[in-house]
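Because the structure is predicted, anything quoted here is derived from the model rather than measured. Reminder, nothing fancy here: chain letters follow the sequence lines and each chain counts from 1.
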Amino acid sequence: MSLDKAYAPQSVEERWISAWKEAGLFSPKPDSVAAPKFVVVIPPPNVTGALHLGHALNNTLQDVLVRWRRMSGDKTCWIPGTDHGGIATQNVMEKQLKAENLSRHDLGRDKFLERMQEWTRECKKTILGQLEKLGCSLDFSREAFTMDEVRARAVRAAFKALWDKKLIYRGRRMVNWCVRCGTALSDIEVEYEERKGRLWHIHYPLADNSEGVVVATTRPETLLGDTAVAVNPKDARYAHLVGKKLRLPLLGREILVVADEAVDMAFGTGAVKVTPAHDPADFEIGERHGLPSIAVIAFDGRISAEGGLYAGLSREQARQKIVEDLKASALLRKEEDYKHSIGVCYRCASPIEPLVSLQWFVRMKDLARPALDALDGGRFVIHPKSWAKPYKDWLSGIKDWCVSRQIWWGHRIPVWYCLDCNDVSSRPFHQAEDLKGVVSDAKPASCPYCCSTKGNFMQDPDVLDTWFSSSLWPMSVFGWPEKTPDFEAYYPTSVLVTGYEILYLWVARMQMMGLEFTGRPPFSSAVIHGIVRDKSGRKMSKSLGNVIDPLVVMAKFGTDALRFSLMRDARLGKDIHFSEDGVTGARNFVNKIWNTARFALMNLPERPEQAYSLETLERESLELADRWILSRYGALAEDVAAKMGAYQVAEAAESIYGFMWDEFCDWYVELAKIRLGSQDEGEKDSCRAILAHVLNGTLKLLHPFMPFITEELYAQLKPYVGERADFLLDAGFPVPPPQWRDAEAEERMAAVMEITGSIRAVRAQLNIPPGLRIRAVAVGGSPEMRALARERMDYILVLARLEDVEFPVGSEERRPQSATALARGMTFLIPLAGIIDFTRERARLEKELVKAETEIEKISAKVENPNFLRHAGADEVQTAQAQYRAALEKKARLKETLSAVLN
RNA sequence: GGGCCGUUAGCUCAGCGGUGGAGCGUCCGCCUUACACGCGGAAGGCCGCAGGUUCGAAUCCUGCACGGCCCACCA
């Protein structure tokens with residue numbers, strides 16, 4: 001069984017995906033074994049299209065944790081699913097319709113929803129297929145959708161329960177209205193953008209046309225709805241005007257001057273026009289002073305009939321015309337450029353219009369308190385903890401949640417109105433404040449208000465905010481409110497992995513709902529990762545054209561490479577600057593692993609007669625490299641487990657990478673070549689055993705990150721190490737015995753590596769041909785070091801490509817015409833007259849000397865400082881002194897070499 | 001306006017109290033039969049600025065500058 005020279009991911013990935021599927025590997029077995037549970041629910045991707053790199057990051061991170069816990073002995077369950085995605089998805093469909101010259105109104109509600117369902121089916125298939133390709137160990141048999149029947153039941157139950165507790169109400173409020181999407185939004189669905197605008201100063205004369213007051217505004221079109229001008233009560237400039245009437249420019253209506261604390265005397269002119277119907281601050285001023293509210297901007301963004309001759313104009317047109325008219329009537333006193341932030345829709349980026357309308361709200365204060373308590377009491381932990389404070393602040397200042405949306409795609413609000421006792425035909429629904437609703441799963445048979453049994457009911461036309469169903473997700477995926485076996489077994493979940501951009505939108509609301517309905521946090525930890533940006537740090541977006549399709553990357557580099565590169569950068573809470581270079585590096589690493597295994601398998605017998613066992617290996621038969629690699633491997637396994645436990649996935653990936661490449665491959669495998677070439681079968685076998693076992697163990701450590709290649713190689717390797725698991729997930733996470741740790745071996749090996757390094761450096765810097773086997777003479781050094789170098793001469797010869805090293809007795813250190821390598825107090829003279837460029841060697845040594853001198857300078861600042869000796873710990877002092885001695889020694893040797901050896 | 005995060009090698013980022021690190025890129029040499037998706041070597045840093053604490057600071061504290069994110073009803 002020989003492996004290809006380079007790893008070819010495609011066929012391997014396909015093969016294992018179907019093998020896992022066939023085995024039902026990801027569905028937890030309903031066994032009776034009392035293993036700890038590790039349960040994760042996926043942040044359901046919206047059914048708006050295909051997955052992007054952010055999803056790849058999010059799901060790989062979850063998969064890494066789930067696979068790791070599973071290997072560590074937990075019974076794991078990871079639930080897949082998708083989100084109907086409300087406005088976002090409806091917008092996708094409306095775009096499609098537009099391409100066909102249709103609007104949703106052309107289709108009508110039922111037909112439109114049919115098309116949405118059809119689209120959703122396709123989209124789900126795509127998304128789940130992509131998750132599978134990514135290698136996600138999701139239990140696909142438990143797939144959920146936020147708008148399927150089970151989840152719909154949960155939504156209705158939650159609505160009813162909140163209604164019964166008076167935590168849901170319908171009320172007339174100022175809401176954020178997206179003119180383009182035609183719906184209300186919640187406060188956190190509004191994003192703020194700095195945009196260039198203007199500040200217009202407008203003169204409002206007194207009713208008798210004398211003097212008056214100048215107000216500043218960024219929105220002159222709202223003038224049409226002004227019902228007052230407000231000044232600060234402490235403002236002496238305007239005190240005499242309070243209570244007087246002004247004449248509203250252009251319309252001529254009389255409006256009042258009121259005094260209100262909210263007005264900032266220092267801003268603009270200190271006087272504010274008040275438009276209670278179109279500004280949240282003005283709305284409150286209006287409430288305080290009992291001002292009338294005149295809606296001049298309609299839900300379609302056009303000026304209403306109240307706007308007189310401006311009626312019918314768009315907001316933008318009206319603004320322009322009003323400014324012109326003000327100029328014409330000399331009421332416009334000043335016009336200046338002004339940068340300010342405006343609210344825009346998080347789905348379509350068009351400016352939000354604050355409008356008063358009747359909407360459904362959830363009362364949040366009482367729901368937030370238990371969530372805050374859960375955080376404070378440690379029942380819920382956020383990683384990294386830097387997100388805890390913003391989370392807390394948001395919950396502490398929480399406002400009621402507007403949950404009704406005037407779109408079609410979503411959970412219909414389960415409220416019914418009896419047509420026999422409610423008037424819904426003579427006025428717009430969203431103006432009908434006095435409606436008596438019945439909360440019910442289905443159309444009620446009779447009306448509890450008028451007792452009509454005719455069944456003349458109309459359901460509320462609005463749908464719920466998509467985040468309403470999302471907030472129930474960790475419960476609803478298990479069938480809540482039914483007490484299903486799954487709910488009993490898997491709720492609450494263990495950890496939720498998601499990006500910081502939906503911490504409030506989603507995480508906080510799940511906590512609140514979970515606590516409200518079950519008394520327990522729906523997950524005990526949240527792992528918050530960053531956003532995947534492009535190479536130069538810009539957010540990926542279709543309009544920027546910098547979106548990268550994970551499937552394309554996977555096809556080019558392999559799934560394991562993509563996963564590993566993402567994980568290597570996935571520092572908690574930090575954004576990732578994604579570039580193909582990173583994936584290239586990861587792909588190279590994958591290939592390195594492949595070839596390491598190839599090397600190992602080439603050196604193992606065709607078919608194992610008997611599995612190699614480490615237990616039966618006599619510890620005394622192990623040589624330095626063996627003890628060293630086992631020790632390092634033991635340290636690695638411990639390190640990785642600790643980092644994973646702290647959700648430091650990137651750090652764990654880095655550790656494995658370093659071990660595999662820089663220690664196992666560059667040193668152990670190179671040294672293994674010596675013994676694998678020997679005639680002694682016993683020697684060969686002990687080396688084979690360690691090679692196979694350490695490689696196998698490292699594959700296990702890597703498996704959560706690179707499920708495919710590790711599975712493929714494990715399948716080949718396992719007979720040699722006496723394992724029989726069908727899949728790595730069932731093979732256990734390695735826990736090397738503590739007695740493998742061997743500080744002495746690590747120290748001795750470090751010395752060998754240093755010696756090798758110094759000889760290699762001399763060779764390379766003097767351009768000694770790599771193929772040339774040369775001799776060296778070892779002089780100086782402590783007896784221990786000389787003994788070690790002598791003992792491990794076999795290593796040094798191979799690694800530094802030497803022919804031979806001589807250990808002369810006595811102090812005949814004069815070796816003319818030699819290059820000199822220094823390490824650990826020893827000097828390695830490489831006598832090579834005619835080959836070495838001695839000018840070069842002199843320059844090299846002089847540079848070394850400078851280095852040694854600066855080193856001495858630095859350390860002497862410590863060692864010669866009495867304060868250091870007095871205050872620093874004994875260990876520190878000892879180390880520094882040893883370093884100092886070594887540096888002095890080195891300097892002396894260099895000087896000696898420069899003067900003697902080169903002459 | 002408040003809060004959080006960042007500012008370290010050309011680029012992307014680790015390090016977070018004891019002589020400045022990795023990956024990529026660059027330069028020099030190598031097809032040393034697992035891997036050129038590789039091997040060996042090297043160059044490259046007033047660790048944003050200014051103070052302070054400490055025997056000692058990239059690391060802790062305080063300011064400042066710049067960048068980014070989150071939150072907030074300056075019209």
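B:G10 sits 27 Å from B:C5 when the P atoms are compared, rounded to a whole Å. Using C1' as the reference atom, B:U19 and B:C55 are 16 Å apart when rounded to the nearest Å. Of the P atoms belonging to B:C49 and B:A43, the separation is 24 Å, rounded to the nearest Å. Here the separation of B:G52 from B:A58, taken at their P atoms, is 15 Å to the nearest Å. Rounded to whole Å, the separation between the C1' atoms of B:C47 and B:C13 comes to 13 Å. Between the C1' atoms of B:C28 and B:G17, the separation comes to 38 Å (whole Å).
Looking at A:E221 and A:R319, a side-chain N of the basic residue comes within less than 4.0 Å of a carboxylate O on the acidic one, giving a salt bridge. A salt bridge is defined here as a Lys NZ or Arg NE, NH1 or NH2 lying under 4.0 Å from an Asp or Glu carboxylate O, and A:K643 with A:E651 fails to meet this definition. Using a 4.0 Å cut-off between charged side-chain N and carboxylate O, A:E580 and A:R587 make no salt bridge. Ionic pairing of A:R198 and A:E336 is not present here: no N-O contact between side-chain nitrogen and carboxylate oxygen is shorter than 4.0 angstrom.
Base pairing of B:G40: its partner is B:C28, meeting the Watson-Crick or G-U wobble criterion (both donor-acceptor distances under 3.5 Å). Under the Watson-Crick and G-U wobble criteria, each requiring two contacts below 3.5 Å, nucleotide B:C66 is paired to B:G6. Under the Watson-Crick and G-U wobble criteria, each requiring two contacts below 3.5 Å, nucleotide B:G20 is left unpaired. Within the shown strands, B:C61 is the pairing partner of B:G51 under the Watson-Crick or G-U definition, both distances less than 3.5 Å. Across all strands shown, B:A72 forms no Watson-Crick or G-U wobble pair with both distances under 3.5 Å. B:U33: no Watson-Crick or G-U partner with both key distances under 3.5 Å is found in any strand.
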For A:R844 and A:E841: C-alpha separation, side-chain torsions, deciding distance, then whether salt bridge (charged side-chain N to carboxylate O under 4.0 Å, His left out) applies. CA-CA 5 Å; A:R844 200 186 66 82; A:E841 172 65 351; 2.9 Å; yes

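A donor-acceptor pair is defined here as one N or O able to donate and one able to accept, closer than 3.5 Å; no such pair exists between the side chain of A:N767 and the backbone of A:R763.
Of the candidates B:A75, B:C4, B:C39, the closest approach to any side-chain atom of A:K592 belongs to B:C39. Considering only side-chain atoms of A:K847, the nucleotide from B:A42, B:A75, B:C35 that sits closest is B:A42. Counting only heavy atoms from C-beta on, A:S386 has its side chain closest to B:C4 among B:C37, B:C4, B:A34. For A:I188, the listed nucleotide lying nearest its side chain is B:C71; candidates were B:A34, B:A75, B:C71. The side chain of A:K5 has B:C35 as its nearest neighbour among B:C55, B:C5, B:C35. The A:D666 side chain lies nearest to B:G40 when the options are B:G40, B:A34, B:C5. The side chain of A:P770 lies closest to B:U32, out of B:U32, B:A43, B:A34. Among the nucleotides B:G41, B:A34, B:C55, the one closest to the side chain of A:C665 is B:A34.
Side chain to side chain, A:S860 and A:K862 fail the donor-acceptor criterion of an N or O pair below 3.5 Å.
Between A:L766 atom CG and B:G40 atom P the separation is 19 Å, expressed in whole Å. Atom pair A:I202:CD1 and B:A75:P shows a separation of 14 Å (rounding to whole Å applied). Atom CD of A:Q648 is separated from atom P of B:C16 by 10 Å (rounded to the nearest Å). Taking atom CE on A:M706 and atom P on B:C37, their separation rounds to 17 Å, with Å as the unit. For the pair A:D235 CG and B:A75 C1', the computed distance is 14 Å after rounding to whole Å. For the pair A:L671 CG and B:C39 C1', the interatomic distance rounds to 15 Å; values are reported in whole Å.
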Could you list, one pair per line, each protein nitrogen or oxygen that sits under 3.5 Å from a nitrogen or oxygen of nucleotides 17-24 of chain B, together with the distance?
from  : atom 1 : to     : atom 2 : distance (Å)
B:G18 : O2'    : A:K862 : NZ     : 2.4
B:G18 : N7     : A:E876 : OE2    : 3.0
B:U19 : N3     : A:E855 : OE2    : 3.0
B:U19 : O4     : A:E855 : OE2    : 3.2
B:G20 : OP1    : A:K858 : NZ     : 3.1

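Contacts of A:T218 with the nucleic acid, taken as non-hydrogen atoms under 4.0 Å apart, involve only primed sugar atoms and P, OP1 or OP2. Here A:Y338 lies in heavy-atom contact (under 4.0 Å) with sugar-phosphate atoms only. Residue-level contact check: A:A216 touches the bases, meaning some heavy atom is under 4.0 Å from a base atom. Residue contacts for A:R571: at a heavy-atom cut-off of 4.0 Å it reaches the sugar-phosphate backbone alone, with no base atom in range.
Between the base of B:A34 and the side chain of A:E670 there is a donor-acceptor pair shorter than 3.5 Å. Between the base of B:C55 and the side chain of A:R870 there is no donor-acceptor pair shorter than 3.5 Å.
Annotation: cation-pi pair A:K592/A:Y657 absent, no NZ/CZ under 6.0 Å from the ring centroid and within 45° of its normal. Judged by a 6.0 Å distance limit and a 45° cone about the ring axis, A:R568 is not positioned over the six-membered ring of A:W661.
For the pair A:F659 and A:C665, the minimum side-chain heavy-atom distance is 4.5 Å or more.
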